[in-house]
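Accompanying notes for the structure given below.
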There are 2 protein chains.
Amino acid sequence: MSTMRDVARLAQVSTATVSRVINSPDSVRGKTRKKVLRAMKMCNYKYNALARGFATKKSNTIGLIIPNINNPVFAESTLGVQEYADEKQIKVILGNTSYKVSQEESLIKALRESQVDGLIITTTNPKGEIIKTLITEKIPFVLLFSTVKGGPVSVVGVDNYRGGYIATEHLISLGHNRIGMIAGSFSVTDRSYHRWHGYRQCLKDHGIPYNKNLLVQTGYSLSGGRDSIKQLLNQELSPSAVFCSNDYIALGAIKGAREAGLSLPEDLSIVGFDDMPTASYMVPALTTIRQPAYDMGKRACELLLQKMENPGKPEQHMMETKLVVRESTAAPQEVKTDKSENYWTSSDPRTNYIL
Amino acid sequence: MSTMRDVARLAQVSTATVSRVINSPDSVRGKTRKKVLRAMKMCNYKYNALARGFATKKSNTIGLIIPNINNPVFAESTLGVQEYADEKQIKVILGNTSYKVSQEESLIKALRESQVDGLIITTTNPKGEIIKTLITEKIPFVLLFSTVKGGPVSVVGVDNYRGGYIATEHLISLGHNRIGMIAGSFSVTDRSYHRWHGYRQCLKDHGIPYNKNLLVQTGYSLSGGRDSIKQLLNQELSPSAVFCSNDYIALGAIKGAREAGLSLPEDLSIVGFDDMPTASYMVPALTTIRQPAYDMGKRACELLLQKMENPGKPEQHMMETKLVVRESTAAPQEVKTDKSENYWTSSDPRTNYIL
DNA sequence: CCTCTTTATGTAAACGTTTACATTTTTTAG
DNA sequence: CTAAAAAATGTAAACGTTTACATAAAGAGG
């Protein structure tokens, strides 16, 4: 491999000039520029960005940390940051934590050693030491899908509380009053915790008593949703509607419900959260709370790059969340408006399925 | 930020010794090692992997190029390479081509400039110049999901021809004889081209005449599948079964078919290709040709690292493909063969659902 | 206690750029 | 045509490691 020195020698100029034709071509006379360009061709010169990074202390690389690339919503946000980064000639190193804090930690360490210029983190550990360290050491970073609203960190997120609230409200407006929730484990991430808060508050605001048996926490996986719905359905008073704290879980839940013999949305309404790309392709098409994952990724990247140039104040970008009604929700079969009637004594033949 | 020199000064040793306690601790006496370690703590030393990469000409980074991270099968394979790389302390830079050759080209260029130690490419351009260049310039790389079977390149793939064949054979064995195919555009990738070949040969081997109107090529997207199925269904003699060249397209096709008023699998059988993680969660659960995407990613990474150490001969790893029968395929309603019996007169209670 | 071997440490160049500063060349204008 | 200003180019140090080689220290055997 030839270096700048080789090119310089061949073109009979200094390495500085070669560097200049690469980085600021206008600052060198047309004649010499051509000479250099020709020499570069001749010795098949390949630019070494790593050496540049070393010299300038900028790697033009950022790290992107997500819990699980298999969750379509993270794939979508990843695409957002990627495409923006690409536009700006920034490379992105991807890391998967599998929702493990230790993994998140070691990834951040490795990425910092690699001298990434910044970090975009969909964290599993929002209050953790890790983040604090990043702050005190002044590493540019932004938290994606973050729940933190104030504070000294840059963030792009969504109001999860509100999302949970409007999801629940939708269900209530349809006439449901036994509304369950399948949440990703609160100990793993606090996104679903906030969504649960919204859910709970909405119930309260509508005079529906909260029943803790109607909440189940599970892993952020397809099978998590599938197992959990069965657990919910096995209760004596099973829910007529369930809010799942993400679409991926909802997909599992729908599968589980069908396996239990229910047909949706007649026997059970499901609302998800995310609006992943396939949500409208599901059967039934999923009613969900949309968060603009692609744009969020893009925004996060934009914010980060800007922050890298010019640290400035931390910025919080809270994106709009909105209810997308599709086919997975409907009015419950028997609306129990007045308290006199007992839901479970209903003679609906479908109750057979609930076992 | 403190450097090795700072540490060395503080510990009153040479930088070489500091380097040694990091890279081969056993080669330095316990006493000095401790001294150095203490000094590292004291000045909060952070290792600079970029400088190391510069000095050693190894970045400990590989590039992973895929067409579209949103396709779950690529996400899954990405996870495979990631986790293996992680184990070996290798960072992976991810690039999306959106199935554009030009993008693939520029990504490869950028990654090479960044001095990645190797490349894993799910290419959109299998015979292209790009690959040839990589060979002549001796860049370690492996092609993932590649169709090339022989030749001078390392590869992990699957026999796409055979996959297409067994998918079609399944449909034929069910009694179908008007079998369509929705293929990803042949000009974009040749994976679906090979699958189509298998499909076509299978038809031929079973005495079913090939009808070119039953093939539609489309984009590798959900909407591609959805639009294409409608096109197929609008024909005078529409197919009773369709082979989709991947699950992502199949998901779109199922949606389209439902929108056209069909119920699956009674009115139309669909078989996909990939077995993406959500395939068994779809409704109907997708019958498909499984390729072990995670393992393929892992294998590709393993192969690459090994190749990086020791170039050696190119290796071809062809993984097993297998038919996974689920719910999206069934016998056609009226069997077109001359056999006297008509399927749809069967008293199978399931037909109740077909409305 | 001395020599020989082994083990631990130090020295200094190298990796391929960038860049502040110095120097040369070109341009401008009188 | 010349001096001053402006533009182009050159010089050389710096970035933070690694590593071949040289040197010094420690251990072994007599």
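Treat the numbers as computed from the prediction; the structure is a model and nothing was measured. Proteins get letters first, then strands, A, B, ... in listed order; numbering begins at 1 in each.
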Worksheet item: Mapping B/Phe54 and B/Thr17 onto DNA chain D by nearest heavy atom, which one lands closer to the 5' end?
Response: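 Of the two residues, B/Phe54 wins.
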
Would you kindly give the [atom1]-to-[atom2] distance between [X] and [N], to the nearest whole Å?
X: B/Asn23; N: D/dG16; atom1: CG; atom2: P; answer: 17 Å
X: A/Gln115; N: D/dC15; atom1: CD; atom2: C1'; answer: 11 Å
X: B/Tyr45; N: D/dG16; atom1: OH; atom2: P; answer: 10 Å
X: B/Glu113; N: C/dG16; atom1: CD; atom2: C1'; answer: 13 Å
X: B/Met4; N: D/dT19; atom1: CE; atom2: C1'; answer: 12 Å
X: A/Arg9; N: D/dG10; atom1: CZ; atom2: C1'; answer: 16 Å
X: B/Arg52; N: C/dC15; atom1: CZ; atom2: P; answer: 18 Å
X: B/Asp6; N: D/dA14; atom1: CG; atom2: P; answer: 15 Å

Worksheet entry | Atom pair OG1 (B/Thr124) and NZ (B/Lys100), whose distance is rounded to the nearest 0.5 Å |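 With rounding to 0.5 Å, OG1 (B/Thr124) is 10.0 Å from NZ (B/Lys100).
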
Practice prompt. Working to the nearest 0.5 Å, report the span between CG of A/Leu94 and CG of A/Leu64.
Written response: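 So the gap between those two atoms works out to 5.5 Å.
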
Worksheet item: When the ring planes of B/Phe74 and B/Phe145 are compared, do they come out parallel, tilted or perpendicular, using 30° and 60° as the limits?
Response: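 Correct class here is perpendicular.
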
With a sphere of 6.0 Å drawn around [atom1] of [X], does it hold more than 12 non-hydrogen atoms of other residues, nucleotides or ligands?
X: A/Lys58; atom1: NZ; result: yes
X: A/Gln12; atom1: CD; result: no
X: B/Met318; atom1: CE; result: yes

Worksheet item: Going by distance alone, is a donor N or O of one side chain under 3.5 Å from an acceptor N or O of the other, for A/Ser114 and B/Lys91?
Response: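 Result is yes, a qualifying pair exists.
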
Worksheet item: Does a donor on one side chain and an acceptor on the other come within less than 3.5 Å for A/Gln103 and B/Asp86?
Response: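 Short answer, yes.
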
Should [X] be listed as having a side-chain N or O under 4.0 Å from OP1 or OP2 of [N]?
X: A/Lys57; N: D/dG16; answer: yes
X: B/Thr3; N: D/dG16; answer: no
X: B/Ser19; N: D/dT18; answer: yes
X: A/Asn48; N: C/dC15; answer: no

Worksheet item: Does any N or O donor sit under 3.5 Å from an N or O acceptor when you compare the side chain of A/Arg5 with the base of C/dG16?
Response: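 Side chain to base: pair found, below 3.5 Å.
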
Item to complete: Rounded to 10°, tell me the angle between the two end axes of the helix from C/dC1-D/dG30 to C/dG30-D/dC1, each built from five pairs.
Response: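 The value is 30°.
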
Discussion item. Within the 4.0 Å heavy-atom criterion, would you say B/Lys58 contacts the bases, only the backbone, or no part of the nucleic acid?
Written reply: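 No contact at all - B/Lys58 keeps every heavy atom at 4.0 Å or more from the nucleic acid.
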
Fill in: DNA chain D contacts made by residues 28-44 of chain A, counting heavy atoms under 4.0 Å
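Per residue number, the list reads A/Val28, A/Arg29, A/Thr32.
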
Worksheet item: Is A/Arg112 salt-bridged to A/Glu137, cutoff N-O under 4.0 Å?
Response: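 Salt bridge flag = yes for A/Glu137 with A/Arg112.
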
Worksheet item: Below 4.0 angstrom, N of the basic side chain to O of the carboxylate: do B/Lys307 and B/Glu315 qualify?
Response: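 Salt bridge: no.
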
Discussion item. Pick the closest DNA chain C nucleotide for A/Tyr47 and for B/Gln12 by heavy atoms, then say which residue is nearer the 5' end.
Written reply: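 It is B/Gln12, whose closest nucleotide lies nearer the 5' terminus.
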
Discussion item. Taking the minimum atom-to-atom distance to the side chain of B/Ala16, which one of D/dT19, D/dT17, D/dA12 wins?
Written reply: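 Nearest to the side-chain atoms of B/Ala16, counting from C-beta on, is D/dT19.
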
